[in-house]
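Presented below is the structure to which this report refers.
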Amino acid sequence: MSEAFVVQREIQIAAPPATVFAFLTDPQKIVSWMGLEASTEPLPGGLYFLKGFGSDHARAARGAFREVVPVHRLAYSFGWEGGEEVPPGSSLVEIDLIDKDSGTLLRMVHSGLPNAVQCASHDRGWAHYLGRLALVAAGQDPGPDHGPHHSA
C-alpha cells in the first residue's frame, strides 16, 4: 500500500559518474549543494547524517547505507529527526548513476513515504537539491541554499 507514495526523479549531469558519486558520499562535497553539516560512512550499515536544510538550519536527516556500489549505485534509509510522519530510517532512497552522453544520468527513487503530502514535499525537495547537485558536479556554483520553495 505505501508503495503508492514514491518520488522518482531523473536528471542528466555534465560530469562523470565518479564525480557525481563523490558529491553524494563525501561530506565536504555534500555540503556544497545540500545542508550545512554532513557525516557519512558509505558502506552497508554505515551512517548517513545531514543537518541544516535551506532556511531551517536545525532540521536533520538520518539513516543508514544499505547498498554502496562505488560510482554506480547508492541505497540508504532516510528520515527526519523528530519527524513523526517520516522518522529516521523509515523510507528508502535509491540512486543509480548511469554513464550516458558524456556525463551521468542520475536516477533516484525515494520509496516508503507515508502519504501524498509527504510525497509532494519530498518531490519538491529532490527537484531543488538534484538541480543544485547537477550544477556543483559540473563545476558551477549553485549559490546559497534557501531551500525548496514551499507553496504552503
Practice item. Drop me the distance from Ile13's CD1 to Leu105's CG, to the nearest 0.5 angstrom. Key: 8.5 Å
Review point. So which heavy atom on Ser91 is nearest to which on Leu113, and how close?
Key: CB-CD2, 4.2 Å
Check your understanding: When hydrophobic residues are tied together by side-chain contacts of less than 4.5 Å, even through go-betweens, does Tyr76 share a cluster with Leu92?
Key -> no
Check your understanding: Is the shortest heavy-atom distance from the side chain of Cys119 to the side chain of Val7 under 4.5 Å?
Key -> yes
**Study point:** Validation row: Tyr129, Pro148 side chains within 4.5 angstrom (heavy atoms)
**Key:** yes
Point to revise | Option among Met108, His110, Glu67, Arg107 that satisfies the side-chain contact (heavy atoms from CB on, under 4.5 Å) test with Ile95 | key: Met108
Check your understanding: Any chain of hydrophobic side-chain contacts (each under 4.5 Å) joining Leu130 to Tyr48?
Key -> yes
Check your understanding: Short question: side chain of Gln118, backbone of Phe5 - any donor-acceptor pair under 3.5 Å?
Key -> no
Check your understanding: Would a 4.5 Å heavy-atom cut-off, applied to side chains only, mark Met34 and Arg132 as touching?
Key -> no
Check your understanding: What closest approach, in Å, do Leu133 and Phe23 show between heavy atoms, and which atom pair accounts for it?
Key -> CD1-CB, 3.5 Å
Check your understanding: Between atom CG of Leu97 and atom OG1 of Thr104, what is the distance when rounded to the nearest 0.5 Å?
Key -> 6.0 Å
Check your understanding: Are Glu94 and Arg73 within salt-bridge range, i.e. N to O under 4.0 Å?
Key -> yes
Quick one: side chains of residues 77-84, donor-acceptor pairs under 3.5 Å with protein atoms, not counting sequence neighbours, listed by atom name and distance.
residue	atom	partner	partner atom	Å
Ser77	OG	Ala64	N	2.8
Ser77	OG	Ala64	O	3.4
Trp80	NE1	His122	NE2	3.0
Glu81	OE2	Arg62	NE	2.6
Glu81	OE2	Arg62	NH2	2.7

Check your understanding: For the hydrophobic clusters of this structure (ILVMFWY residues joined by side-chain heavy atoms under 4.5 Å, transitively), does one cluster hold both Ile11 and Leu24?
Key -> yes
Check your understanding: Which heavy atom of Asp145 sits nearest a heavy atom of Gly35, and at what distance?
Key -> OD2-N, 4.3 Å
Exercise for review: State whether the side chain of Trp126 and the backbone N or O of Arg9 hold a donor-acceptor pair below 3.5 Å, judged by distance alone.
Suggested key: no
Point to revise | Over all atoms of both residues, closest heavy-atom pair of Ala18 and Val71 | key: CA-CG1, 3.5 Å
Study note, to complete from the structure: For Ala15 and Ala137 the tightest heavy-atom approach is CB-O, 3.3 Å
Point to revise | Heavy-atom closest contact (Leu135 atom, Pro142 atom, distance) | key: CD1-CA, 4.0 Å
Check your understanding: Do Leu74 and Phe21 have side chains that get closer than 4.5 Å, going by heavy atoms?
Key -> yes
**Study point:** Donor-acceptor contact present, side-chain Thr40 to main-chain Thr25, <3.5 Å
**Key:** yes
